[in-house]
Asks: 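This structure is in structure tokens; I'll ask about it shortly.
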Amino acid sequence: MIPGIAVLAEKFRVPICIALVLGVWQIVFVLGVVNEKYFPSIPTIAVAFGQMLTDGSVIAAWATTFLRALIGLIGAALLGVALAIVSDLSPILSRGIRYVSDVLQPIPPAAFVPMAVFMLGLGSKLYAFVIILVTVWPPYLNGVAALAGVGPVQLNTGRMFGLTNWGLLWRVKLPAALPEIFTGIRYAATISLIAVIVSEMLAGRDGIGFMIFKKAFAMRTPEVFGLMFLVAINGVLLNGLVNLLRRGLTGWHMRMMERSE
Amino acid sequence: MTGILTASDVGKSYGSGDTRMAIIDGLNLSIAKGEFVSLVGPSGCGKTTLLMCLSGLLSPNLGKVGFKGQVVTAPPIGLSVVFQDYSRSLLPWKTNLDNVLFGMRRVTGMDAAQKKARALEILEAVGLPGFAGHYPWQVSGGMQQRVAIARGIASQSELLLLDEPLAAVDAQTRADMQDLLLDLAKRFDQTCVLVTHDVEEAVYMADRVLVLGPRPTRVVREIVVDLPKPRDQISTREAPAFLHARHEVMELIRSMRQGKALS
């Protein structure tokens with residue numbers, strides 16, 4: 001009897017967890033801990049969310065926000081890996097890029113937005129600029145560490161079979177570094193979602209971020225929670241895409257790790 | 001000097017001035033085609049540095065290394081190193097077959113299908129039929145080293161430089177692998193230079209043992225192993241000639257270690 005329950009709990013762990021969260025939410029609502037105006041019940045939010053899904057402007061904003069995050073992430077991943085490669089090839093440039101990164105990295109996305117709006121307007125250039133500027137660092141830093149960490153035996157093996165420095169980079173170092181680079185890209189995916197929402201809130205024209213602001217000031221609380229749910233779905237989608245690519249390019253590493261566990 | 005591999009007055013040191021550390025000094029050797037030569041010496045004498053210099057992966061500061069009459073400045077075609085650390089030498093993102101094919105990247109005169117057939121044939125020769133599609137990390141340590149040996153041979157190698165290739169495998173596997181290496185050397189016409197710290201292994205495998213002195217190292221003694229081939233794990237190790245050679249090498253190394261301890 002008890003093992004039967006354990007098996008069921010294992011099988012349905014995801015719905016059980018979701019049900020728990022919703023249950024706690026509903027209890028807090030019923031107890032009236034927070035003013036109902038700011039903390040609507042689950043059914044209220046569900047109805048608002050359902051209505052939003054039939055609203056074309058919400059769907060359009062959702063797609064816009066997701067595309068912005070995706071484009072920013074792709075740009076940041078490519079630029080980050082390129083910077084890591086340049087750093088690996090040239091010790092002098094490596095130090096220079098590291099200083100720039102140390103200075104720019106702590107600046108939050110919100111601080112970039114006002115000046116970027118003046119420079120780039122409210123279009124896609126703004127979002128690409130801000131997102132890339134704040135998400136480029138994890139792929140870059142992980143890339144530098146991973147490329148430097150490729151062992152001497154692997155490098156000597158490559159040299160022994162006649163690889164030049166360029167060949168070593170493409171045939172040995174990058175494949176060896178790719179799993180660690182992907183750790184950086186996954187982290188960058190999370191940052192890009194933060195950056196896009198913050199930028200949309202500040203730029204104040206379109207996207208889910210702007211919508212959250214607008215609805216919040218209009219006290220349309222159930223809809224605000226519905227929009228937040230959409231942001232969460234964006235995160236799941238973006239992570240899913242990154243994981244798909246990661247499995248395709250570094251599936252060997254994931255299987256190797258699963259094996260050693 | 002003649003021979004497939006020669007070293008004349010080779011010297012290698014690191015650093016300069018007061019911190020200069022000489023590893024190799026005035027080393028000469030010549031390996032004839034088809035020979036199996038073991039290099040042994042006291043711990044830390046610079047065996048691995050010597051092997052790196054012989055392979056062209058390191059450049060000596062002094063003297064010359066020659067392979068088939070050409071001065072070695074980079075790893076030449078026809079020479080391959082089998083490293084001790086097979087798990088780091090095999091590329092984990094490639095299957096065993098692709099690792100062997102990676103070794104064949106400078107092989108000319110074969111199309112992709114011929115290369116694949118040749119790689120599969122060599123994988124079978126090292127005792128790994130049916131493991132071509134596995135990844136190195138899916139097979140045991142001894143099997144990984146077999147893949148690395150197969151990769152070396154597949155590179156159209158004539159000379160295998162073996163850097164303590166069996167130090168990391170267990171004792172029983174080691175005996176099997178010693179016989180496999182001797183068999184492969186004969187079957188694929190490989191001249192072999194084996195670096196090992198195991199004196200018994202050095203004598204068992206070799207036609208000739210070169211004993212290296214303490215750092216900065218050079219060849220201090222040459223011992224010809226007068227034993228018939230093929231060798232046998234039981235009877236060869238009991239033969240008087242084996243015991244004599246083993247005795248001579250061990251005594252020499254012990255005297256060097258004591259000399260070092262006294263100085």
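What's counted below: heavy atoms across the whole structure, side chains too, no hydrogens, waters or symmetry copies. Letters A, B, ... mirror the listed sequences (proteins, then strands); counts begin at 1.
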Asks: For the pair Arg159(A) (side chain) and Leu57(B) (backbone), establish whether a donor and an acceptor sit closer than 3.5 Å, ignoring hydrogens and angles.
Replies: no

Asks: Measure the spacing between CG of Asp85(B) and CG of Asn156(A) and express it to the nearest 0.5 Å.
Replies: 11.5 Å

Asks: Please step through side chain to side chain contact (heavy atoms under 4.5 Å, CB included) for the pair Tyr135(B) and Met256(A), ending with a clear verdict.
Replies: CA-CA 9 Å; Tyr135(B) 285 89; Met256(A) 192 170 90; over 6 Å; no

Asks: More than 12 non-hydrogen atoms from neighbouring residues, nucleotides or ligands closer than 6.0 Å to CZ on Arg106(B), yes or no?
Replies: yes

Asks: Near Leu20(A) CG, under 6.0 Å, is it more than 12 heavy atoms from other residues, nucleotides or ligands?
Replies: yes

Asks: Rounded at 0.5 Å granularity, tell me how far OG1 in Thr157(A) sits from CZ in Arg151(B).
Replies: 5.0 Å

Asks: Crowded around Lys33(B) NZ? As in, over 12 foreign heavy atoms under 6.0 Å?
Replies: yes

Asks: At a heavy-atom distance under 4.5 Å, which candidate from Gly103(B), Ser155(B), Ala148(B) has the highest pair count against chain A?
Replies: Gly103(B)

Asks: Taking the inter-plane angle between the rings of Trp93(B) and Trp252(A) on a 0 to 90° scale, is it parallel (under 30°), tilted (30 to 60°) or perpendicular (over 60°)?
Replies: tilted

Asks: Would the distance check show the side chain of Arg88(B) and the main-chain N or O of Gly151(A) forming a donor-acceptor pair, the cut-off being under 3.5 Å?
Replies: no

Asks: Of all the residues in residues 164-188 of chain A, which have a heavy atom that comes within less than 4.5 Å of a heavy atom in chain B?
Replies: Arg171(A), Val172(A), Pro175(A), Ala176(A)

Asks: Given a strict heavy-atom distance threshold of 4.5 Å, which part of Arg105(B) is in contact with chain A: side chain, backbone, both, or neither?
Replies: side chain

Asks: Taking atom NZ of Lys115(B) as the centre, report whether more than 12 heavy atoms of other residues, nucleotides or ligands fall under 6.0 Å from it.
Replies: yes

Asks: Which atoms of Leu90(B) come close to chain A, meaning under 4.5 Å heavy atom to heavy atom: side chain ones, backbone ones, both, or neither?
Replies: backbone

Asks: Name the region of Met104(B), side chain, backbone, both or neither, that has any atom closer than 4.5 Å to a heavy atom of chain A.
Replies: neither

Asks: With a 4.5 angstrom heavy-atom cut-off, which part of Ser80(B) approaches chain A: side chain, backbone, both or neither?
Replies: both

